[in-house]
Protein chains: 2
Amino acid sequence: MASPKREKLLEVARRLFETEGFHATGIDRVLAEAGVAKMTLYNNFGSKDGLIVAVLEQSSQDMIDRLEQTIQAASNDPYEQILGVFDAFAMWFSNPEFCGCMFQAAVAEFQDPNSKPAIAARGHQIRVAAMFENLCTKAELPDPKTLSRMLGMLASGASCTARQIQTREPADHARQIAEILLERAGSTGFAPAETEIANGSV
Amino acid sequence: MASPKREKLLEVARRLFETEGFHATGIDRVLAEAGVAKMTLYNNFGSKDGLIVAVLEQSSQDMIDRLEQTIQAASNDPYEQILGVFDAFAMWFSNPEFCGCMFQAAVAEFQDPNSKPAIAARGHQIRVAAMFENLCTKAELPDPKTLSRMLGMLASGASCTARQIQTREPADHARQIAEILLERAGSTGFAPAETEIANGSV
DNA sequence: GAATAAACAGAACGATCCGTCTATTGTATC
DNA sequence: GATACAATAGACGGATCGTTCTGTTTATTC
């Protein structure tokens, strides 16, 4: 299961897919840099798409594990943990090797929503959203569903913007906004504003 | 300059690039659907990258023109116009043919930041950011630079999320958040929260 | 109507894509 | 040491990529 050649393939493929894109990275390139036979790839993953899915799933697991580890190390308070997610993002963006969220790239490159890479990429976003919702619920914030969706959108916007301007600033801004949202949710909630929209102000 | 064949190429290429991606769309496919000779493409655009850049630039111009037109038709108040951007986004996302922001896709597909498509895509984001900053300044809001960056991040997050869940919800949520930000900027400004971050609360 | 230049359609090109096949190596078992 | 088996390397195949080249048609000017 955990063959060393398989791990090497995943590691190299992940790096190349991240830095150069999924379509732009040819299989031969991955094999050459990993020093692995072509048949090893096809025996382990079945196809290039299979390799891509495996990379996405492994990356998702890694990222979520590290995220939960980081925010749990930072605080026991779920309120603080929500903000901790954006601190973790800030650290992520600060890495000079940061080149954008791999899952956003996957969604962009595999436009067919039924393709396996697209499904795998959406799976990650669902897990992140579930994490936010779980934290909002634990923090006993009102309307955790809406709030967690807003937080997820903030996170997406931050990593999307960070890819372009290559600074941690978007994470800091997202954290500021999250702070305002949490504060506001704790006191008044979102009901008034939501009603205003629902009335259709267009 | 405005040859009909050239226009047809731009129209077809734009649609295919939007719905299937830049790398996934072959030149032959564009030519076949446009009913245009191959040399016409190379005479007009020089290369596939040239065509991509032309599509991005035309789309950017179109999108910004329509955006400004929409918000100016909605209100004269710059404060309301800022919120109008998100209403326009909501309408955009509501279109069943909506398949994500083309410029985000371009940034994802052309990872080399020096490639011409990547530069063209960044150009769009810069123009949108400038529009937000201009509106914030006209609304006489404090710290228009920070605020406009936050709004730009919200817009990115909204279109990024909308691509995945295929509803207008992200635009409505972004509008709600923008409303809160504007309200808050008008009264207290962001200085307190910003200081708190700057002190390093990790 | 003839001559010139541009625009046309489509074949042909080399490169690269993903995936398969074959021949060879190394390893474990008897 | 011989044999069975799995994993290897790398050639190979068909397809498609972006681009160039070759004739032919069309339009314009004298």
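Residue numbering restarts at 1 for every chain, and letters A, B, ... go by the order of the sequence lines.
If you check residues 109-117 of chain A against DNA chain D, you find no residue with a heavy atom closer than 4.0 Å. Near DNA chain C, meaning a heavy atom under 4.0 Å from it, residues 14-31 of chain A has A:Thr25, A:Gly26, A:Ile27 in order of number.
Qualifying salt bridge (Lys or Arg N to Asp or Glu O under 4.0 Å) partners for B:Asp28, counting only residues two or more places apart in sequence or in other chains: B:Lys38. Residues passing the salt bridge (Lys or Arg N to Asp or Glu O under 4.0 Å) test with B:Lys8, sequence neighbours excluded: B:Glu11. Evaluation of the side chain to side chain donor-acceptor pair (under 3.5 Å) rule for B:Asp65 yields B:Gln61 as partners, not counting sequence neighbours. Taking the salt bridge (Lys or Arg N to Asp or Glu O under 4.0 Å) definition, one finds that B:Lys5 meets it with nothing, sequence neighbours left out. Residues forming a side chain to side chain donor-acceptor pair (under 3.5 Å) with A:Asp62 (at least two apart in sequence, or on another chain): A:Arg14. Every residue meeting the salt bridge (Lys or Arg N to Asp or Glu O under 4.0 Å) condition with B:Lys145, not counting sequence neighbours, appears here in chain and number order: B:Glu133.
Put simply, CG on A:Asn43 is 18 Å from P on C:dC18, counting in whole angstrom units. Spacing between atom CD1 of A:Ile52 and atom P of C:dC17 amounts to 13 Å, rounded to whole angstrom units.
Between A:Lys48 and C:dC18 there is a side-chain N or O to OP1 or OP2 distance below 4.0 Å.
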Mind listing the side-chain donor-acceptor pairs of residues 116-132 of chain B below 3.5 Å, one per line with the distance, residues two or more places apart or on another chain?
unit_1, atom_1, unit_2, atom_2, d
B:Arg122, NH1, B:Pro113, O, 3.2
B:Arg122, NH2, B:Pro113, O, 3.0
B:His124, ND1, B:Ser60, OG, 2.8
B:Arg127, NE, B:Ser60, OG, 3.1
B:Arg127, NH2, B:Ser60, OG, 2.8

Hey, can you pull the donor-acceptor pairs under 3.5 Å for the side chains in residues 96-107 of chain A, sequence neighbours left out?
unit_1, atom_1, unit_2, atom_2, d
A:Gln104, NE2, A:Ser156, O, 3.1
A:Gln104, NE2, A:Ser159, OG, 3.1

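You can see that DNA chain D meets the heavy atoms of chain B within a 4.0 Å-exclusive cut from D:dC17 to D:dC21, reading 5' to 3'.
Counting only residues at least two apart or on different chains, the ring pair (Phe, Tyr, Trp, His ring centres under 6.0 Å) pairs with a member in residues 19-41 of chain A are A:Phe17-A:Phe22, A:Phe22-A:Phe110, A:His23-A:Phe110.
In this structure, B:Lys5 reaches the sugar-phosphate backbone alone: every heavy-atom distance under 4.0 Å involves primed, P, OP1 or OP2 atoms, never a base.
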